[in-house]
Amino acid sequence: MNRLYGRTMIASIAILLLFVMSIGQTPDAVDYTGPMDIARISVPSAVVWSEDFGNISEWHIYGLNHTADPDYLLPGNFSLTGGVLRAIGPEWNSAERNSSVIHGSWSFDVDIQDPIDEYHFLIGIAVGQYDPILDTLGEGYYLIFNTPDTGQDRIRISRRTRLTGHVYNWLDLDNYFADDLIGWRNIIVTHDEYEWFYVYLDGDLILRSKDSAIDTSNLFTFHSHAGPAIDNVSVHDNITYDDVAPEWSQPILSQEISLGESFYYDINATDHSGIDQYWIDDTQNFTIDDQGVITNIRDLVVGTYNMRVSVNDTLGHIRAEAFTLTVLGVTTTTTTTATTTTTTTTTTTETTTPPPPIDMTVVLLVAGSAVVTIIVIALIVKSRS
């Protein structure tokens, strides 16, 4: 008995070890789009410069009027009312500040007014030094806020490069459309050493693109028609905005189904940088789509399926969780309805009045009389003979 118990325990421990080893494995082939190395954000970033617009002593202000010659000589028309830098001039107004950051993060608040043309206002994230005669904006990376012919508000990240002389090329790297962007919004832009740009609007990832055509910066710029404003600018020399893995929206729990049922399990995760993709290790029996829905791809048998589901964000941070699916056997229950036949038997009984009890005195008298009679008869017969 002890030997059998010991063998059973050893087998159980071996099975447990195999299960633990299996859930610790990562799928061999996972196609990631975007940078996966997260070491680049492990170094704390330093604030290179920041601005809350108590004054604009660090800024160069000028205006543009394309009907004038030269157009860059007009004074810019801005106000500092309420501690924000707001463009109030009828033409293009430009404000720029020295900024050498090309890889890092830029955070600022913008007051988006109703766009009125193709280029309503631009934020130059990383701009090279420009020639005021030939180039009033400069080569660099820009966020452009406008309303194109579609009628929707649009934010796009674009690269502006000089082709020759006063001829420039705008290349849109990514576009984001929305029905209403009016009002104060927070913008965060990150550009890592792998040359990936990420743009966040109020904490949500809206733009993503990879570009390395420009590798230096001299300026941070704000160009706008009348109305829009900028405030709370903070520029860092490294990326620290998102350094955590996605979070599950609900706990991942073990599941049960009956034999013959299809398996459907909807899991969800959230992340500031956006969800890149989900995957699962048991690809022979299950699949998971871009929305986090797990389904079986073959008929399941009675037993327990151990699996591990994973999710990563657009910066490469991964979160994983193991759970089990138990397929239960179908128990057949037979219900028999009993039919009861009731047989009624009628018994007829004749009632006879029993005789009265015999008086023993009478019996003795009769018996005595008989004996006397026999004796008398015997004497008479003897006398005759």
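Heavy atoms only: backbone and side chains are in, while hydrogens, waters and symmetry mates are out.
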Practice problem: I would like to know whether Asn186 and Ser107 meet side chain to side chain contact (heavy atoms under 4.5 Å, CB included); could you show each step before the answer? | Solution: CA-CA 7 Å; Asn186 175 252; Ser107 174; 3.8 Å; yes
Can you measure from [atom1] ([X]) to [atom2] ([Y]) and round to the nearest 0.5 angstrom?
X      : Y      : atom1 : atom2 : answer
Ile123 : Ile157 : CD1   : CD1   : 12.0 Å
Asp179 : Phe177 : CG    : CZ    : 11.5 Å
Asp204 : Ile206 : CG    : CD1   : 9.0 Å
Ile125 : Ser217 : CD1   : OG    : 9.5 Å
Glu51  : Phe220 : CD    : CZ    : 10.5 Å
Ile280 : Ile288 : CD1   : CD1   : 5.5 Å

How about [X] and [Y]: do any of their side-chain heavy atoms sit closer than 4.5 Å?
X      : Y      : value
Ile112 : Asp153 : no
Arg185 : Leu201 : yes
Leu325 : Phe263 : yes
Val127 : Tyr142 : yes
Arg319 : Trp248 : yes
Trp49  : Ser99  : yes
Thr161 : Leu171 : no
Trp106 : Val101 : yes

Quiz prompt | Stepwise side chain to side chain contact (heavy atoms under 4.5 Å, CB included) test for Val311 and Ile275 | solution = CA-CA 7 Å; Val311 60; Ile275 298 301; 3.7 Å; yes
Could you tell me whether a side-chain N or O of [X] sits under 3.5 Å from a main-chain N or O of [Y], the two making a donor and an acceptor?
X      : Y      : result
Asp271 : Asp313 : no
Asp237 : Val48  : no
Tyr176 : Val199 : no
Asn93  : Asn77  : yes
Gln291 : Val293 : no
Asp172 : Asp174 : no
Glu139 : Arg162 : yes

Measure across [X] and [Y] and return the closest heavy-atom pair with its distance rounded to 0.1 Å.
X      : Y      : result
Ile214 : Ile102 : O-CD1, 3.9 Å
Asn175 : Arg156 : OD1-CB, 3.3 Å
Val309 : Ile267 : CG2-CD1, 3.3 Å
Ile318 : Ala245 : O-CB, 3.5 Å
His223 : Ser94  : ND1-OG, 2.7 Å
Leu219 : Asn98  : CD2-OD1, 3.6 Å

Hphob cluster co-occupancy, [X] + [Y], side-chain heavy atoms under 4.5 angstrom:
X      : Y      : value
Phe53  : Ile88  : no
Leu328 : Leu253 : no
Ile257 : Phe323 : yes
Phe145 : Ile182 : yes
Leu80  : Trp184 : no

Between [Y] and [X], is there a salt bridge with N-O shorter than 4.0 Å?
X      : Y      : answer
Arg86  : Asp111 : yes
Asp211 : Arg159 : yes
Arg308 : Glu321 : no

Practice problem: List in chain and number order the residues that pass side chain to side chain contact (heavy atoms under 4.5 Å, CB included) with Glu195, two or more places apart in sequence or in another chain; answer none if no residue qualifies. | Solution: His103, His191, Lys210, Ser212
Quiz item: Partners of Leu259 by side chain to side chain contact (heavy atoms under 4.5 Å, CB included), sequence neighbours excluded?
Solution: Val302, Val327, Val330
Exercise. With Ser234 as reference, evaluate Ile188, Asp52, Val47 under the side chain to side chain contact (heavy atoms under 4.5 Å, CB included) test and give the passing residue.
Key: Val47
Self-check item: CA sep, side-chain torsions, deciding dist, call: Arg298, Gln284, side chain to side chain contact (heavy atoms under 4.5 Å, CB included)
Solution: CA-CA 8 Å; Arg298 63 193 307 177; Gln284 293 185 344; 4.2 Å; yes
Ignoring hydrogens and geometry beyond distance, is a side-chain donor-acceptor pair present between [X] and [Y] at under 3.5 Å?
X      : Y      : answer
Asp276 : Asn312 : yes
Asn306 : Thr324 : no
Asp109 : Asn232 : yes
Trp196 : Ser209 : no
His236 : Ser105 : no

Quiz item: Would Tyr305 and Phe286 count as a close aromatic pair, with their ring centres under 6.0 Å?
Solution: yes
Quiz prompt | Distance flag, aromatic centroids of Trp59 and Phe78, threshold under 6.0 Å | solution = no
Practice problem: Return yes when atom CG of Asp299 has more than 12 non-hydrogen atoms of other residues, nucleotides or ligands closer than 6.0 Å, and no otherwise. | Solution: no
Quiz prompt | Over 12 non-hydrogen atoms of neighbours within 6.0 angstrom of CG in Asp290 | solution = no
Quiz prompt | Tyr168 six-ring face occupied by Arg160 cation (under 6.0 Å, within 45°) | solution = yes
Exercise. Please step through side chain to side chain contact (heavy atoms under 4.5 Å, CB included) for the pair Leu85 and Phe222, ending with a clear verdict.
Key: CA-CA 10 Å; Leu85 183 66; Phe222 174 47; 4.2 Å; yes
